[in-house]
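Because the structure is predicted, anything quoted here is derived from the model rather than measured. Along the sequence shown, the residues carry numbers beginning at 1. Counting convention: from 1, in listed order, for ligands and their atoms alike.
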Amino acid sequence: SDRVPPGSLGLPVIGQSLSFLWAMRANTADRWIAERAKRYGPISKLSLFGKPAVFIHGQAANKFVFTSDDSIMNNHQTESIKMILGDRCLSELSGEDHKRVRSALASFLKPECLKLYIGEMEEEVRRHLEMHWNGKQNITVLPLMKTLTFNIICTLLFGVERGARRDKLVQYFQEILEGLWSIPINFPLTRFNRGLKASAKVQNILKDLVREKRVELESAASSHQGLITSLLNIRGEDNRELVSEDEIVHNIMLVMVAGHDTSAVLISFIVRLLANDPAIYAAVLKEQEEIKKSKPSGEFLTWQDLAKMKHTWRVAMETLRTIPPVFGGFRKTLKDIEYEGYLIPKGWQVFWVTSMTHMDNNIFQEPSKFDPYRFENQAPIPPYCYIPFGGGPRMCPGYEFARIETLVTVHYLVTQFNWKLCCNDNSIRRDPVPVPAQGLPIQIRPK
Ligand code: HEM
C-alpha cells in the first residue's frame, strides 16, 4: 500500500465527490485542484464519483493520459455518465470498436464536409437572431446560445425537424446534462435519477428517429445525408449494418451532449469578454467589418472568409485557455501501472484537468492575463499543454465544427448588434461547464 500515491480515499462511495462538486459550483475547483497538487505533488489518490482515482497533472501527465495504449488505459467516464449516456457511446468504446465508430463520426466532422455546411449553419444563426434578438432590448445570452448550438446540431447532423420532437429533446437534454457529474445513487428527485429518466425518454425518441431514417434510406427518400444515415450505411459483406442501433442512439446522445453546451459556453464568454474589453472588441469588429464589406449584402460566408477571421479565433482560443468548457476527464487503468515511482492499481480512474497547464506560468507568461496576441507572438506552445479539446487519438472530433459555429455566430453578433452587460458580477460557477452569473443578461441595440 505504500506504493500507491499519497492522499486519502475519504468516505466509501462519497470520497471527495461532494467537496469537489461544491468547489465546481463555487468556481473554486481550479484552486481545489492546485492545492491538492501543492500538498501531494505530481500524483495523488482520491475517490471521485464512487471510484478510487489518481489525479496527475503537467505536460508529461497529459501526454501519458492522451497517448497511452488502449491495453494499459482505457477511456473512462464516471458511472453517472456511463449510465446516462449509455455504454456504447464513443467515449466508452476502445480498440477497433472505437476506431470504427470514430471514423464514421469523423468523416462527417472533417473540414471537407463542413465546408458544405457553412451556409446551413449560417441560416440557423440568421433565423436565431431574427427570432430571439431582433426587436428585443434585454436578453440572456447563455440559454439562447444553448438553443442556437442545439438547433445547429439537430439540423446539420441529425436532420431532426423543428417542432414538438425537437422541443422535447431540448428539455430532456438539459436534465441529462445536469445528471452527468453526479453521485450515482439512484434516489428519487436526485440529479442522477432525473438524468436517468430523461435518458430513457430521449433513447425512445432517438430509436424512432433511427427507424425513420432507415425507412427513408431503404426507399431512397432521404433528403438529409446526416450522421444517422451515414452510420446506417456502414455495412458488412452480407449488407448487415455494422453499427448497432444502440451504438447509433448512444452516439447521437454523446454528440448532442459533447457538442452543444461546450460551444454555447465558449460563445457566451466571448460575448462577455467583448463587452468588458473595448480594445479586443475593436480589433474583432474591425476584422469582421472588413469581411462584411468585401461581400455583396446577404451573401453567405465562405471557407475563405472564415480563414480570414484569425484574430477572432485567437480571442476564442484565449477564452478556451482561461475558461475551458471541459474541466477535465477520466481514464481507467486496465492493469497495474507504474507512474513516477508509484503504483496505480488496475481498475482505478486517472483524472486529468485542463487548468493546470493552461495556468502554468512556465508555459503561458502571465497566465491570468487575457491576451489573445500570445497565440500570435509567443513561441509555439509545447505539445500537450494547451488542451481545451484534449489530445491524442481521442482529441475532440468536433473541433472544426465548434470553430466554424463560433466564428459565424461572432461575425453576426458584432456586425449586427451593440450590447452591454446588465450584471456587473463577473463570477462563474461550474455545472459542470462554466456558467456566467445569471446566465449573462445583456442589453442589446441593433446597429
Ligand atoms: C468549444 C467546444 C468544444 C470543446 C471545448 C470540446 C472539448 C472536448 C474534450 C476536452 C473532449 C475529451 C477529449 C479526451 O477525453 O481526450 C471532447 C471529446 C469529444 N467531443 Fe468535443 N468539444 C467541443 C465541441 C464539440 C462538438 C461541436 C462536437 C460534435 C459536433 C464534439 C464532439 C465530441 C466527441 C464525440 C468527443 C468524444 C471523442 C472520443 O472519445 O473519441 N465536441 N471534446
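Among protein heavy atoms, atom 23 (C) of ligand 1 sits closest to Thr262 OG1, 3.5 Å. Protein heavy atom closest to atom 32 (C) of ligand 1, with residue, atom name and distance, is Ala258 CB, 3.7 Å. Protein heavy atom in closest approach to atom 16 (O) of ligand 1: Arg331 NH2, 2.9 Å. The closest protein non-hydrogen atom to atom 26 (C) of ligand 1 is Gly259 CA, 3.3 Å. For atom 29 (C) of ligand 1, the nearest non-hydrogen atom of the protein is Val255 CG1, 3.8 Å. For atom 40 (O) of ligand 1, the closest non-hydrogen atom on the protein side is Arg394 NH1, 3.2 Å. Among protein heavy atoms, the minimum distance from atom 22 (N) of ligand 1 is reached at Cys396 SG, 3.0 Å.
Residue-ligand proximity: Leu105 is placed with a non-hydrogen atom under 4.0 Å from ligand 1. Ligand 1 is never approached by Gly329 to a heavy-atom distance shorter than 4.0 Å.
Atoms of ligand 1 lying under 4.0 Å from at least one heavy atom of Leu90, given by number and element, are 38 (C), 39 (C), 41 (O). Atoms of ligand 1 found under 4.0 Å from any heavy atom of Pro388 (numbered from 1 in listed order, with element): 5 (C), 7 (C), 10 (C). Counting atoms of ligand 1 from 1 in the listed order, those under 4.0 Å from a heavy atom of Phe66 are 16 (O). Distances below 4.0 Å separate heavy atoms of His98 from the following atoms of ligand 1: 39 (C), 40 (O), 41 (O).
The heavy atom nearest to atom 19 (C) of ligand 1, considering only Ala402, Gly398, Pro397, is found in Pro397.
Salt-bridge formation is detected for the pair Lys99/Glu96: a Lys NZ or Arg NE/NH1/NH2 atom is positioned less than 4.0 Å from an Asp or Glu carboxylate oxygen. Note on Lys332 versus Glu92: no salt bridge recorded, every NZ/NE/NH1/NH2 to OD/OE distance being 4.0 Å or above.
Formation of a donor-acceptor pair under 3.5 Å by the Gln59 side chain with backbone atoms of Pro382 is not found in this model. In this structure, the side chain of Arg374 engages the main chain of Gln365 through a donor-acceptor pair within 3.5 Å. At distances below 3.5 Å, not a single donor-acceptor pair connects side-chain atoms of Gln288 with backbone N or O atoms of Tyr412. Side-chain atoms of Ser80 come within 3.5 Å of backbone N or O of Leu180 as a donor-acceptor pair. The closest donor-acceptor contact from the side chain of Glu175 to the backbone of Gly195 lies at 3.5 Å or more, if one exists at all.
Counting all heavy atoms, side chain and backbone alike, Arg88 lies closest to Asp97 at NH2-OD2, 3.2 Å.
To the nearest 0.5 Å, atom CD of residue Gln203 and atom CG of residue Leu85 are 9.0 Å apart.
At a heavy-atom cutoff of 4.0 Å, ligand 1 is contacted by both the backbone and the side chain of Phe389.
A cation-pi arrangement is found for Arg321 relative to Phe364, the charged atom lying closer than 6.0 Å to the ring centre and inside a 45° cone about the ring normal.
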